[in-house]
Amino acid sequence: MNKQPRQRIVLKVGSALIAPDRQGCSSRYLLAIAQFIVRCRAKGIQTILVSSGSIAAGAHRFPLKPGSEANSPEAQVVLKKAMAAAGQTEMMATWDKFFDFPTAQILLTHGDLRDRERYLSIRETVFTLLDHDILPILNENDTVTTDALKVGDNDNLSAMVAAAADADTLVICSDIDGLYNKNPHLHSDAELLPEVNKIDAAIYAMAGGSHSDVGTGGMRTKIEAAEKASSHGIDTYIVNGFKEESFNALLSGRNPGTLFRASETPLQERMHWLTHTVRAQGEVIVAADEVMDSAKNCAELSSNEVLEVKGNFAAGDTILLRSDDGTRLAKARSNYSSSLLSFIAEQEDPELADSFTDSLGGIVSEKDIALLSKTPQLEK
Ligand SMILES: Nc1ncnc2c1ncn2[C@@H]1O[C@H](COP(=O)(O)OP(=O)(O)O)[C@@H](O)[C@H]1O
Ligand SMILES: N[C@@H](CCC(=O)OP(=O)(O)O)C(=O)O
């Protein structure tokens, strides 16, 4: 955290720190976190908070009524949305109490982040708030989101926010000291990894799920977040948010947990957004021997090289180009809807198929292609 010139950090705070007992918000751990934010700002470090905890904070407003049907999975989802609505205001009020500067709430869904215009608008809003010394506090809009539109966990959300905000550091405050080589709640001999320079399958294999009542995603989503952030040139720390010492260490330039080093060859902003924020709406399968090692080659893909079109997508949606041996080749914005592309690809007469692409243009355009060779782990 000693980089120059302008530093910008995103701090992600997990539910266990906000409402550890699901009995409303607690100041127990938040005071040290708030002081860290105040001290960062005093040092001229622009700070953005991604705060989980609306569901945990709102839970106490919804005692289970005798004989109620709140135990079915559908009822649980409805209940959580209501908890999030009630808990979000309580959480914002709690954060506000710690600061003598203004805060601002941004609630978003994956639907907002994957739409380029809305993504750019979120980015501008964050920059404007920072320019006016207002602390942006972000969370997923759990109340309105559906399965198709949600990010689902705030670890990944915080990495998307860090990339959108051009942050140089992401700090994920958890209920544990960092990434261990195996889940320490299950293995007493687990060892803490102070630094990870390369995120590969072996690192993912170390990560298990959450053991707590309030956490979402466990270590896996934190590694996904670190992978997203790192490929945008952002250093990512996982630290223990229960310990005040974690924050003192960060402020004095020491690593109190696990540091995932930023990539030395970060992706440019638009390519990062396409690779890590947008999800593919469908797939186009091409023969395994097609050479797709550059955006130019992908853009030259012709309809008679398409073996199969999967899913329903509209022109302008993002698709995954995959070879028929399963290899993920690239993510790209399709210039065709799935139905039109299937229709063209099914034409027996290659000249007729070519006449479509001649008049309507290539299946994908060179400027909207992100090659996936650098990101083999991410399936989203
Ligand atoms: N290899 C690992 N190293 C550390 N924690 C792990 C590991 N595998 C699984 N975990 C679990 O991940 C938890 C942290 O994630 P989570 O419960 O989602 O909390 P948060 O609210 O901070 O997001 C740890 O408390 C631990 O139970
Ligand atoms: N958006 C949800 C939190 C989701 C989440 O990722 O929680 P956590 O694992 O505690 O960071 C909420 O506000 O309750």
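Source: prediction; values computed, not measured. One-based numbering, in listed order, for ligands and for the atoms of each. These values consider heavy atoms only, across backbone and side chains, with no hydrogens, waters or symmetry-generated copies.
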Purely on distance, is any nitrogen or oxygen of [X] under 3.5 Å from one on ligand 2?
X: I55; value: yes
X: E140; value: no
X: N154; value: yes

For this session: Between G87, A56, G152, S15, flag the one that comes closest to atom 10 (O) of ligand 2 by a heavy atom.
Result: S15
Please confirm whether [X] comes under 4.0 Å of ligand 1, counting heavy atoms of the residue only.
X: A190; result: no
X: K222; result: yes
X: K12; result: yes

Exercise. Which ligand 1 atoms, with their elements, are less than 4.0 angstrom from a heavy-atom of G178?
Worked result: 3 (N), 4 (C)
Exercise. Between R270 and D368, does at least one N-O distance fall below 4.0 Å, as a salt bridge requires?
Worked result: yes
Exercise. Salt bridge check: are R28 and D21 linked by an N-O gap of less than 4.0 Å?
Worked result: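 Result for this pair is yes, salt bridge flagged.
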Problem set entry | Side chain, backbone, both or neither: the part of Q88 lying under 4.0 Å from ligand 2 by heavy atom | neither
Exercise. Side chain, backbone, both or neither: which part of D142 comes within less than 4.0 Å of ligand 2 when only heavy atoms are counted?
Worked result: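 Side chain only.
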For this session: Of the side chain and backbone of H185, name the one, both, or neither that has a heavy atom under 4.0 Å from an atom of ligand 1.
Result: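 The part of H185 near ligand 1 is the side chain, not the backbone.
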Problem set entry | Residue part near ligand 1, for N183, under 4.0 Å between non-hydrogen atoms | both
For this session: To the nearest 0.5 Å, tell me how far T109 OG1 sits from L157 CG.
Result: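 So the OG1 of T109 and the CG of L157 are separated by 9.5 Å.
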